[in-house]
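One structure is given here, and the rest of the page talks about it.
Atoms considered below: every heavy atom in the structure, side chains included; atoms not considered: hydrogens, waters and symmetry mates. Counting convention: from 1, in listed order, for ligands and their atoms alike. Positions are given from 1, in the same order as the sequence printed here.
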Amino acid sequence: MQTFAFGYPRIGKKREYKKLLEGFWKGEVSKKELFEGIESVERGRIERYAEYVDIYPKGEMTLYDRMLDTSVLLGIIPERFLPYQGLETYFEMARGKYALELTKWFNTNYHYLVPEIERGEFSIKFVEPIDFLFNLGKSGILSLIGPFTFLRLSKALRRIETPVPVLEVEKIEERDKFERIFEAVSRTYISLVEKLSSDGEREIIFEEPSLVTDTEKWHWDLVEGFYKKVSEHVNVTLLAYYDGVSDYDRYVNLPVKALLLDFVSNKENYENLKRCGFPSDKTLIAGVINGRQVWRANLKEKARFIEDISKVAENIIISNSCPLYHLPVTVSVEDELSADIRERLSFADEKLEEIRTLRGLLLGEEEFVKIAEESEKLMGTSFAVNEDVRRRVSSLKEEDFTREKPYSERVKIQKDILNLPPLPTTTIGSFPQTEEVRKMRTAYRSGKISQEEYDRFIKGEIEKLIKVQEDLGLDVFVHGEFERTDMVEFFAQKLDGIATTKHGWVISYGSRVYRPPIIYGDVSRPEPMTLKEITYAQSLTDKPVKGMLTGPVTILNWSFYRDDVPKEEIAYQIALALQEEVRDLEEAGIKIIQIDEPAFREGAPLKRNDWKDYFEWAVKAFRLASRAKPETQIHTHMCYSEFNEIIDYIYEMDFDVISIEASRSKGEIISAFESYNGWDRQIGIGVYDIHSPAIPEKEEIKMIIERVLKVFPSDLIWINPDCGLKTRRWEEVIPALRNMVEATKELRKEVVVN
Ligand code: GLN
Ligand code: ZN
C-alpha cells in the first residue's frame, strides 16, 4: 500500500515565504535572493513529503497564486498588463493598481486571483517567473490546475468598441460560450502536455476541484474529451476535493490512471463507491486524512475504513482529503497551548505523519500500531464538555430564536428612543490601527507594560476618537476597536472552548496570513468581553455608541472547529455566549448593538442543494445571538456584493439595520434589496470604498446616495463607509468622513423638504 500527499503549505515554518515576498516588494530583497529563498522553501516542502510519503507533487510552489501562474503559463494576460515584462508584470497582475480580482477559493478562506479571458486564442509562455517555478522541483509528479477548474473560476471579458472602448464581463456559464472557450483552453493545455511529455514527464497530476461543484452532463463530456487526449501522452492522476464529486459514475470512469476521492467532507463519495464500485484498472487515492481541520485522526478507525473500501477498490493509495495549505505548518512550536489540547491537534506536518502511520498500521508494523492505539484512545473520547452549555442548546425552543416584537413595532419604539436625523451617519466599527496601537499591544503582550497601562492607553484612544466623531458630526458613534487585533481572534481569546495559537499562520492570499482560532470544546463566556470599552466610550458622549460584536456564523466560519458535534450546535453555543454579551450591553445602557457577519455567506456549501440546511441554522444562530429587547436596535454588517441569491435568508435574520458594501459595485447590489418584495428594514449604504486610500469627493458620495434614494424611502437609509477603517490612515479617514457627513447634510435638506 502506497501513500500520497499534496498541497503542503508554502508559508514556511518561520513565515519565510511572506518575508521574502514582502521584502522583495519593498526593495529590500533582490530578485536573486527572492528566487534563492523560494527555492529553499520549496526544498523544505519536498523534503517533508519525501520523509513521510511515497508519492508527492512538484510544481505546487507559486510566487503569489497558482491560478495566476496558470493564467500566465497559458498566455492569458489581459491587455492592460501588456507587454508582459516578467516579474514586474506578474506582480502588477497580482497586486497592482489594476490587479486581477481576488475571490474565495471554493468554500475555503484562501483567495485566488480571477483570470480574465479576453481573446479566444492564446499560447504557452514559459516566461518569468513560470520558467523558474517549473524548474524548481526535480522529484515528484508535476501538478497542474486542470482546464475545467481553471475555466470555471475565470471570467471572460469582452471589448465593446463604443467611442471609448469598454470591457464588459461576459458570463461563461452558458453552454456554447463555455464550450468555445474550453476548446481554446484545452488546445493550449494539450500543447503544454505534448511539450512536457517530450521533455520526459510520464505522469501529470491535474487538480480539478470544480468537479465537486454543481455540474451538468455536457460539462462531463468536455472533461472526458480533454482527459482522453491528455492520456494519449501521459498518465493522468485527477484530484477533486472539498466535497463529493458531483457525478460519481462519470468521474471514476474518466480515462485516467488514478483518482482522488475526498472521504472526509461528507459521506457522498463513500456511499457512491459502495453502490457503484470502482474500476479495477484504476487506482483509488483515498483522501482519508482531513486537510481542512486540525484534529488528530482516529487512525484505527481510518484503518477500518480503508479495509472496508478495499473490498470494492483493488488499488488504493492513502492520502490527505484536500490540500494541506489550509492548515498551519506544525503543532510542535505551539508551546503555549495546554498539553491536553495540543495532543489532540494535527497540522500539516502531523498530517503527513498520520498518513505514514496509517500505512504502517495497515501493514501491522508494531511501532505504528502503538501510535494508532493511542490516537483511538485520545480521539474516541469526548473532550472539554460543558454540560450546562449542552443543556442550554438542547433545550432551545422556537421562541428563543424570535424577538419579542416584530420589526414593524420595534422600529417605532427605537425611533422614539434614538431620535436620529434623517439619513443617519455612522461608521462600521474600527478606526486606524496605527503603529502606536500595535506597538502598545505588543508591549502589553510581552509584559513590558502592565494591564493598567494598556487599559489607560486604550481609554485614551477611545477618548480621542469620541472627540473626532463629535467634531465630524457623525450621528451614531463607535469606540474604534483599538483593543482588537482581529475581529474573530479577539472573541476567541475571551471565550472558553476556543484556543488561539502563536504560530498557526495560514495564507489567506498572496503573502497575507491569518491565524484561525481553534474551537476545541463547548463554547461559553466566562465574563463580559466588550463591556469595559463600550461603556467607557458611551460615558463620554450623549450620542449613541454602538456595541460591537462579531457574529456566531463568522466566528465559526473563520475558525477551525471540532467534528464531534454538528456545526449547527457549535453555532448555537457561540450564539448563546454572544446573547449574554448583548444582555450585559443592554443593561449598561447601550442602545444600538452591531453584530458583524462578513462571513455569513461564505460558509455556504458548494452544492446548491445543501444551501437550505446551512442557511437555516446560520440564520437561527444570528437570531439567537441578537435576541435583544425591542428597544435595542440590532445592526449587522456584511461586506460583499452578491446578495441576490441569498436575500431571503438575509431578511430572515430579523435585524433592524444592515450595512453593506455598495460603493464598488456601484449600486448593483441595491437591486437585490430592491427586488425583495416588501423590504422594510433599514440599510446602511457603503458610500465609499475603504480599500482604497483615495479620498472620496463629496459629489461622488452624493451621487451614490441619490441613487439609493431613488430605490428606498429615505427613512430606511443610513450613510456609512463600506467597511471598517482599521487599515486606513488618519489622514485619509478624517477628510473622507468629513465629505461623507457634508454630502449627507446637503441631501438631508432635500429629503426633509420632500
Ligand atoms: N466591525 C468590523 C470593523 O470595522 C467589521 C470588519 C469586517 O466587516 N470585516 O473592522
Ligand atoms: Zn466589512
Side-chain angles (χ1 to χ4, degrees), residues 102-104 109 111 425-434 437-438 441 458 461-462 465 468-469 474 476-492 508-509 512 514-517 529-530 533-534 537 545-559 578 581-582 585 590 592-603 622 625-626 634-643 650 653 655 657-665 669 683-692 718-730 732-733 736-737 740:
L102 267 177
T103 238
K104 291 243 147 203
N109 289 330
H111 300 69
T425 53
T426 190
T427 60
I428 301 304
S430 59
F431 270 77
Q433 294 250 331
T434 54
V437 172
R438 277 185 301 227
R441 190 179 300 130
I458 295 291
E461 294 302 292
I462 294 175
L465 178 62
V468 164
Q469 295 176 95
L474 288 156
V476 171
F477 289 9
V478 296
H479 77 290
E481 302 181 26
F482 302 109
E483 76 287 12
R484 306 182 187 181
T485 32
D486 172 282
M487 63 187 293
V488 170
E489 196 177 61
F490 174 80
F491 288 94
S508 156
Y509 62 88
R512 274 289 266 276
Y514 74 112
R515 276 179 308 198
M529 304 181 282
T530 64
E533 291 84 8
I534 305 287
V545 176
K546 288 193 270 190
M548 198 56 69
L549 307 176
T550 301
V553 183
T554 296
I555 292 183
L556 179 53
N557 283 340
W558 284 349
S559 301
L578 290 167
E581 190 73 13
V582 166
L585 288 167
I590 300 303
I592 304 181
I593 298 172
Q594 179 174 312
I595 305 179
D596 291 328
E597 285 288 18
F600 191 76
R601 191 207 146 94
E602 67 186 51
F622 181 86
S626 62
I634 294 290
H635 290 219
T636 190
H637 164 72
M638 297 180 186
C639 40
Y640 38 82
S641 51
E642 304 118 42
F643 282 101
I650 304 270
M653 291 166 75
F655 44 73
V657 183
I658 183 172
S659 60
I660 51 167
E661 179 219 299
S663 52
R664 268 175 303 173
S665 46
I669 189 172
I683 296 195
I685 295 299
V687 293
Y688 78 88
D689 176 10
I690 63 95
H691 299 90
S692 153
W718 285 66
I719 309 296
N720 46 258
D722 68 0
C723 196
L725 301 165
K726 77 184 208 192
T727 57
R728 296 265 62 90
R729 299 179 309 143
W730 281 109
E732 296 151 2
V733 164
L737 289 177
M740 183 184 93

Under 4.0 Å between a side-chain nitrogen and a carboxylate oxygen: does that hold for E489 and R515?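 Salt bridge: yes.
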[X] neighbourhood, listing ligand 1 atoms whose heavy-atom distance to it stays under 4.0 Å:
X	answer
C639	8 (O)
G429	4 (O)
G724	3 (C), 4 (O), 10 (O)
I428	1 (N), 4 (O)

Taking all non-hydrogen atoms of both residues into account, name the closest pair between Q594 and I428 and its distance.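 Between these two residues, the closest heavy atoms are NE2-O, 3.0 Å.
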Least distance between heavy atoms, P432 atom then F482 atom: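 Looking at all heavy atoms of both residues, the closest pair is O-CE2, 3.6 Å.
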Side chain of H637, backbone of S659: donor and acceptor closer than 3.5 Å?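 It does hold such a pair.
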Does H637, backbone or side chain, put an N or O under 3.5 Å from an N or O of ligand 1?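 Indeed, backbone or side chain, H637 has an N or O that close.
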Residue, atom name and distance, where the atom is the protein heavy atom closest to [atom]:
atom	value
atom 2 (C) of ligand 1	D596 OD2, 3.3 Å
atom 3 (C) of ligand 1	S430 OG, 3.3 Å
atom 6 (C) of ligand 1	M487 SD, 3.5 Å

Where do H635 and I595 land on the side-chain contact (heavy atoms from CB on, under 4.5 Å) test, with the steps shown first? CA-CA 6 Å; H635 290 219; I595 305 179; over 6 Å; no
Could you pull out the N/O/S protein atoms under 2.8 Å of the Zn ion (ligand 2), ignoring any water?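 The answer, once waters are left aside, is H637 NE2, C639 SG, C723 SG.
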Where do D722 and Y688 land on the side-chain contact (heavy atoms from CB on, under 4.5 Å) test, with the steps shown first? CA-CA 6 Å; D722 68 0; Y688 78 88; over 6 Å; no
Strictly by modelled atom types, are T636 and E597 linked by a side-chain donor-acceptor pair under 3.5 Å?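 Distance-only check fails for T636 and E597.
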Does a donor on one side chain sit under 3.5 Å from an acceptor on the other, for R484 and Q433?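 No donor-acceptor contact under 3.5 Å links the two side chains.
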Evaluation steps, side-chain contact (heavy atoms from CB on, under 4.5 Å), between I650 and M638: CA-CA 10 Å; I650 304 270; M638 297 180 186; 3.5 Å; yes
Taking salt bridge (charged side-chain N to carboxylate O under 4.0 Å, His left out) as the definition, give me every residue that meets it alongside R728, ordered by chain and number, with sequence neighbours left out.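 Salt bridge (charged side-chain N to carboxylate O under 4.0 Å, His left out) check on R728 returns E732.
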